[in-house]
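Below is one structure, written out as structure tokens; the observations come after it.
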Number of protein chains: 2
Amino acid sequence: MIRLLLAEDQGMMRGALALLLGMEHDIEVVAQVGRGDEIVDAALVARPDVALLDIELPGRSGLDAAADLRDEVPDCKVLILTTFGRPGYLRRAMEAGAAGFLVKDGPVEDLAEAVRQVLRGETVIDPALAAAALSAGPNPLTGRERDALAASVDGATIADIAASLHLSESTVRNYLSSAIGKTGTRNRMEAVRAARRQGWL
Amino acid sequence: MIRLLLAEDQGMMRGALALLLGMEHDIEVVAQVGRGDEIVDAALVARPDVALLDIELPGRSGLDAAADLRDEVPDCKVLILTTFGRPGYLRRAMEAGAAGFLVKDGPVEDLAEAVRQVLRGETVIDPALAAAALSAGPNPLTGRERDALAASVDGATIADIAASLHLSESTVRNYLSSAIGKTGTRNRMEAVRAARRQGWL
DNA sequence: CGGCACCCGGGACATTTGTCACGGCCAGGT
DNA sequence: ACCTGGCCGTGACAAATGTCCCGGGTGCCG
């Protein structure tokens, strides 16, 4: 019996997946969580063989949680399941020690099979996505550029960002300008979108 | 036997829902589509009793499709299923003649029951959401304000928006300024976010 | 040690954005 | 006939944003 942990914030999706996977004769869903910061605790209790993690979760990113699991529950294989096949996500997932990366398009039938594959030690990745991730290259943004960009997603002004990062306004402007240049865009909003699309957030 | 049409763009979600609903003894999924502009055609062929529609679909919004169905397949009840419980969405769904409005949080078990309820002629709406929709009041934005705001979502400049709407730059500025005022925000980006959160897009 | 990249900041400048006051046009309702 | 509200535009102005150039500090690597 494969013991499975399921982390997904959308209640209906989580319930549906749990039911479907539970119907497989060799899979047992031993834990379900709706928040990223509950993953490690649940895994320590339930001792799953495989963790199926969404990326965009409240509390803690599924990618961060994957890294945590590698350290604290190393026997547990991690399978990332996400809406967006962003190259940067795939890259980060691999760096966090994930054994597989699936997007929520594509048929449900693949899911159970993917679980079995990672448990056999295989790595499962959509080939087209892998190619995109390689051709895209690594994240060119420095840490602070990323911070500044991330702090500006919800329409914050330079002053807001400077305050939240404890920086001077001049510094923030420089970081943003640099990020805009590196993304090849014309303003903050475009830069944010471009960075998000690449999974650089 | 309840004949059901399912419109949902995320392949995995669509497949999971189809399987789950198909397992109900009194429900039969007679059509599945992944695009909004395929809904009416599919309904004309499959003649479903209930259409379960996501809102954010490629091609055509599920809300628009709901209005189309009311005209072209009036016997078909419409049940909206969406990720975001925005007040404006609920309002528009009701105006489009929807018989129910569900959010993708909350348990899967409710789903089949909601289908049966709308078929009995009942209206199913989350009570908390209904309250929010009423307290929020109607959309205060005029048509052109909405257009200008919608055209600025992906970081377009004033010049871009003016070109895409065939307007003068001054006019666009005035609309945006007005929209910013009505949303009580400080700039375009915040206004877009606020309008989206309300379902005013 | 000398580069190099990242971090942090200042100053000056052009451009963009947001605001305000003001026109005119047209449709609707009183 | 008048008023109201949406639509479209202009001009002027202050504020925010983006760019460029400059400085200094740190730590890492060859």
Side-chain angles (χ1 to χ4, degrees), chain A residues 88 91-92 95 136-201, chain B residues 88 91-92 95 136-201:
Chain A
R91 183 178 296 266
R92 282 198 272 160
E95 287 166 1
N139 187 342
L141 300 176
T142 70
R144 289 312 239 171
E145 286 163 0
R146 223 178 17 249
D147 294 342
L149 214 49
S152 75
V153 289
D154 40 329
T157 68
I158 300 269
D160 295 339
I161 305 173
S164 79
L165 263 61
H166 306 291
L167 288 177
S168 141
E169 302 198 8
S170 307
T171 310
V172 173
R173 288 139 148 294
N174 286 335
Y175 284 144
L176 287 179
S177 180
S178 169
I180 290 168
K182 287 181 179 176
T183 51
T185 52
R186 294 173 301 169
N187 53 46
R188 275 220 288 272
M189 221 157 157
E190 283 193 356
V192 166
R193 288 179 63 82
R196 260 220 266 252
R197 189 156 34 79
Q198 295 289 330
W200 294 340
L201 208 133
Chain B
R91 183 177 296 265
R92 283 198 272 160
E95 287 166 1
N139 186 344
L141 301 176
T142 70
R144 290 312 241 172
E145 286 163 0
R146 222 177 18 250
D147 293 342
L149 214 48
S152 74
V153 289
D154 40 329
T157 68
I158 300 269
D160 295 338
I161 305 173
S164 80
L165 263 58
H166 306 292
L167 288 176
S168 143
E169 302 197 8
S170 307
T171 310
V172 173
R173 272 125 77 79
N174 286 336
Y175 284 144
L176 287 179
S177 179
S178 170
I180 290 168
K182 287 181 179 175
T183 51
T185 51
R186 296 174 300 170
N187 53 46
R188 274 220 291 270
M189 221 158 159
E190 283 193 355
V192 166
R193 288 180 62 83
R196 260 220 266 252
R197 188 156 34 79
Q198 294 290 331
W200 294 340
L201 206 130

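Chain identifiers are assigned alphabetically (A, B, ...) following the order of the sequence lines, protein sequences preceding nucleic acid strands; residue numbering begins at 1 within each chain.
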Requested in this report: Please name all residues satisfying side chain to side chain contact (heavy atoms under 4.5 Å, CB included) with A:A159, sequence neighbours left out, ordered by chain then number.
Outcome: A:T157, A:E169

Query raised in the report: Do A:E190 and A:T183 have side chains that get closer than 4.5 Å, going by heavy atoms?
Result: no

Requested in this report: Give me the bend of the helix from C:dC1-D:dG30 to C:dT30-D:dA1, using the axes of the five pairs at each end, rounded to 10°.
Outcome: 30°

Query raised in the report: Between D:dT10, D:dG18, C:dC8, which one does the side chain of A:Y175 approach most closely?
Result: C:dC8

Query - Phosphate OP1/OP2 of D:dG6: any B:T142 side-chain N/O under 4.0 Å - result: no

Query - Check: B:T171 and B:R144 side chains under 4.5 Å, non-hydrogen atoms - result: no

Query raised in the report: Do the side chains of A:D147 and A:L167 get nearer than 4.5 Å, heavy atoms only?
Result: no

Report summary line: B:E145 CD to D:dG9 P, in whole Å, measures 15 Å

Requested in this report: Report which part of the nucleic acid B:S170 touches: base, sugar-phosphate, or nothing (heavy-atom distance under 4.0 Å, all strands).
Outcome: base

Query - Min side-chain heavy-atom separation B:V153-B:R196 under 4.5 Å - result: yes

Report task. Answer with base, sugar-phosphate or nothing: what part of the nucleic acid does A:T171 contact at a heavy-atom distance below 4.0 Å? Result -> base

Query raised in the report: Using a cut-off of 4.0 Å on non-hydrogen atoms, how would the nucleic acid contact of B:G181 be classed: base, sugar-phosphate, or nothing?
Result: nothing

Report summary line: Of C:dA12, C:dT17, C:dT19, the nucleotide closest to the side chain of A:R173 is C:dA12

Query - B:K182 side chain reached by B:L149 side chain, heavy atoms, under 4.5 Å - result: no

Query raised in the report: When you match A:N174 and A:K182 each to their closest nucleotide on DNA chain C, which lands nearer the 5' end?
Result: A:K182

Query - Any side-chain heavy-atom pair of B:N187 and A:M189 under 4.5 Å - result: no

Query - Within residues 154-169 of chain A, residues whose heavy atoms come under 4.0 Å of DNA chain D - result: A:T157, A:I158

Query raised in the report: Once you round to the nearest 0.5 Å, how far does CZ of B:R186 lie from CG of A:D160?
Result: 4.5 Å

Report task. Using only side-chain N and O atoms of B:R144, determine if any of them is under 4.0 Å from OP1 or OP2 of D:dC8. Result -> yes

Requested in this report: When you get a sec, tell me which of D:dT19, D:dG18, D:dC7 is the closest nucleotide to the side chain of A:R188?
Outcome: D:dG18

Query raised in the report: So what does B:N187 touch, heavy atoms closer than 4.0 Å: a base, only the sugar-phosphate, or nothing?
Result: sugar-phosphate

